[in-house]
Amino acid sequence: MKQKITWLLCMAVLSMVLAGIVISRVQSGTEIIFGGADGALINTDTYSTVDPNATPTPEVDEGWPDIDITQGQYRMVNDDTENLLPSSFEPTCGVIDGTKYMMFDVDALPYLNAMIHAAEDAGFTVYIAAGYRTYSYQTQMYNAKSSSIAWDKYQVTDYLDPNYQKAAEEAKKYVMYPGSSEHQLGLAVDIMDRQYKSLIYEYMDQDFFAWLDEHCADYGFIKRYPTRKLLLTGWDEPWHYRYVGVEAAKYIMEHGICYEEFYKHYMPDFKY
């Protein structure tokens, strides 16, 4: 009887210790949204923005494509004031093959459709999670995140409240500010092997992304926000692909650089 009581006490103590460890790890976790994707809030204690590979790749002296960086397909879009898209910007788009309503820039659409069909021919299932987004839709996403943070963190709903403004600023970490999303440009697409409730890249089909990374440049696309370049691009969204044309895409993918590094070669005053 005494041995049984002793065993039960030991198990109780062990359970309390394990519970304490779990709780401490959960409390120390960082809530993030990978790539700012809507509905992809994840609590993790392993995520880190410290990346030794995120420094600019040493620039080579030869082989840079002879292009006009001012053309629309090369447009830099981010949250810098100079690179924001106006609310009036609306590209001419067409429906992406295999979707009911996902849209993409009409001039680049044939290249995207060709890449999708090639991936399917290679035995992969292609799911388009996002294509063109209007300025108003991006605004709705951003405002929703701002309101959510304002209430969850500060219990305020008045957008004039200073704490609401803090929440709106914090929301920029999770959802791209209106005008700063490449999806409004009509040249960006989120591609996955299926629909996911939580966007965790390591749970996705890595063979599928390996195929995309090897062949996307053949169709003019680049992996726009690779994890290892987070500190330069500001986003970790390895399922986000951007059309820049075959010539530029091949150079970027072959040299392992991000678009910011490529763009800076042609626009020296550009700052990361």
Side-chain angles (χ1 to χ4, degrees), residues 35-40 65 67-119 126-144 172 175-192 195 199 212 215-226 233-235 237-250 252-253 258-260 262-263 266-267 270:
D38 185 35
I67 61 173
D68 179 3
I69 200 68
T70 63
Q71 291 183 354
Q73 69 191 51
Y74 304 119
R75 186 165 184 168
M76 174 61 69
V77 180
N78 57 30
D79 59 4
D80 188 291
T81 304
E82 296 182 357
N83 300 322
L84 290 174
L85 293 170
S87 59
S88 59
F89 183 89
E90 295 183 2
T92 301
C93 293
V95 178
I96 301 172
D97 284 358
T99 72
K100 293 182 179 180
Y101 56 85
M102 293 291 183
M103 309 287 284
F104 204 73
D105 179 273
V106 68
D107 292 328
L109 183 58
Y111 297 93
L112 174 58
N113 287 336
M115 183 169 70
I116 291 173
H117 295 313
V126 181
Y127 174 75
I128 304 300
Y132 166 64
R133 289 180 186 152
T134 64
Y135 183 94
S136 61
Y137 183 72
Q138 192 68 35
T139 300
Q140 292 174 15
M141 292 176 60
Y142 172 74
N143 288 344
K172 295 179 181 178
V175 177
M176 288 186 173
Y177 187 77
S180 69
S181 173
E182 285 190 339
H183 286 289
Q184 186 189 347
L185 193 61
L187 295 174
V189 62
D190 291 346
I191 307 179
M192 303 170 192
Q195 187 175 11
L199 301 183
L212 276 180
H215 298 282
C216 66
D218 296 335
Y219 305 92
F221 286 83
I222 59 172
K223 183 189 283 289
R224 181 64 179 88
Y225 301 118
T233 67
W235 293 92
E237 195 171 348
W239 49 79
H240 179 112
Y241 289 78
R242 157 79 186 268
Y243 179 81
V244 292
V246 174
E247 189 175 13
K250 283 186 175 295
I252 291 169
M253 295 303 293
C258 64
Y259 191 60
E260 278 73 9
F262 180 83
Y263 189 80
Y266 300 92
M267 301 291 285
F270 172 75

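The chain is numbered in sequence order, starting from 1.
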A side-chain contact here means heavy atoms from C-beta on lying under 4.5 Å apart; do [X] and [Y] qualify?
{"X": "Tyr101", "Y": "Val95", "result": "no"}
{"X": "Thr233", "Y": "Cys258", "result": "yes"}
{"X": "Ile67", "Y": "Gln71", "result": "no"}
{"X": "Phe221", "Y": "His215", "result": "no"}
{"X": "Val244", "Y": "Gln73", "result": "no"}
{"X": "Ile191", "Y": "Leu212", "result": "yes"}
{"X": "Pro65", "Y": "Phe262", "result": "yes"}
{"X": "Gln140", "Y": "Tyr142", "result": "no"}

For this session: Please name the pair of heavy atoms, one in Gly186 and one in Pro91, separated by the smallest distance, quoted to 0.1 Å.
Result: CA-CG, 4.1 Å

Going from [atom1] on [X] to [atom2] on [Y], what distance comes out if it is rounded to the nearest 0.5 angstrom?
{"X": "Thr139", "Y": "Tyr177", "atom1": "OG1", "atom2": "OH", "answer": "8.0 Å"}
{"X": "Met176", "Y": "Leu84", "atom1": "CE", "atom2": "CG", "answer": "11.5 Å"}
{"X": "Tyr127", "Y": "Met192", "atom1": "OH", "atom2": "CE", "answer": "7.5 Å"}
{"X": "Leu187", "Y": "His183", "atom1": "CG", "atom2": "NE2", "answer": "11.5 Å"}
{"X": "Asn143", "Y": "Ser136", "atom1": "CG", "atom2": "OG", "answer": "11.0 Å"}

For this session: Describe, in one word, how the ring planes of His240 and Tyr225 are oriented to each other, choosing from parallel (under 30°), tilted (30 to 60°) and perpendicular (over 60°).
Result: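 Rings of His240 and Tyr225: tilted, 30 to 60°.
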
Sidechain-backbone polar pair: [X] side chain, [Y] backbone, donor-acceptor under 3.5 Å:
{"X": "Gln138", "Y": "Ser181", "answer": "no"}
{"X": "Asn113", "Y": "Asp97", "answer": "yes"}
{"X": "Lys223", "Y": "Tyr241", "answer": "no"}
{"X": "Gln184", "Y": "Pro86", "answer": "yes"}

Problem set entry | Full working for side-chain contact (heavy atoms from CB on, under 4.5 Å) between Ile252 and Tyr259 | CA-CA 7 Å; Ile252 291 169; Tyr259 191 60; 3.7 Å; yes

Exercise. Ring centres of Tyr243 and Tyr111 under 6.0 Å apart?
Worked result: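 Yes, ring centres under 6.0 Å apart.
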
Exercise. What about Tyr132 and Phe104, are their ring centers closer than 6.0 Å?
Worked result: no

For this session: Walk me through it: do Val106 and Cys93 pass the test side-chain contact (heavy atoms from CB on, under 4.5 Å)?
Result: CA-CA 5 Å; Val106 68; Cys93 293; 5.9 Å; no

Exercise. What do the steps show when you test Asp105 against Thr92 for side-chain contact (heavy atoms from CB on, under 4.5 Å), and what is the final call?
Worked result: CA-CA 6 Å; Asp105 179 273; Thr92 301; 5.9 Å; no

For this session: Please say which of Leu85, Asn83, Ile69 ends up in a side chain to side chain contact (heavy atoms under 4.5 Å, CB included) with Arg75.
Result: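 The side chain to side chain contact (heavy atoms under 4.5 Å, CB included) with Arg75 is passed solely by Leu85 among Leu85, Asn83, Ile69.
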
For this session: Test side-chain contact (heavy atoms from CB on, under 4.5 Å) on Leu199 and Asp190 and set out the steps.
Result: CA-CA 11 Å; Leu199 301 183; Asp190 291 346; over 6 Å; no

Exercise. Does the pair Arg224/Glu182 count as a salt bridge with the N-to-O cut at 4.0 Å?
Worked result: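 Looking at Arg224 and Glu182, the cut-off is met.
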
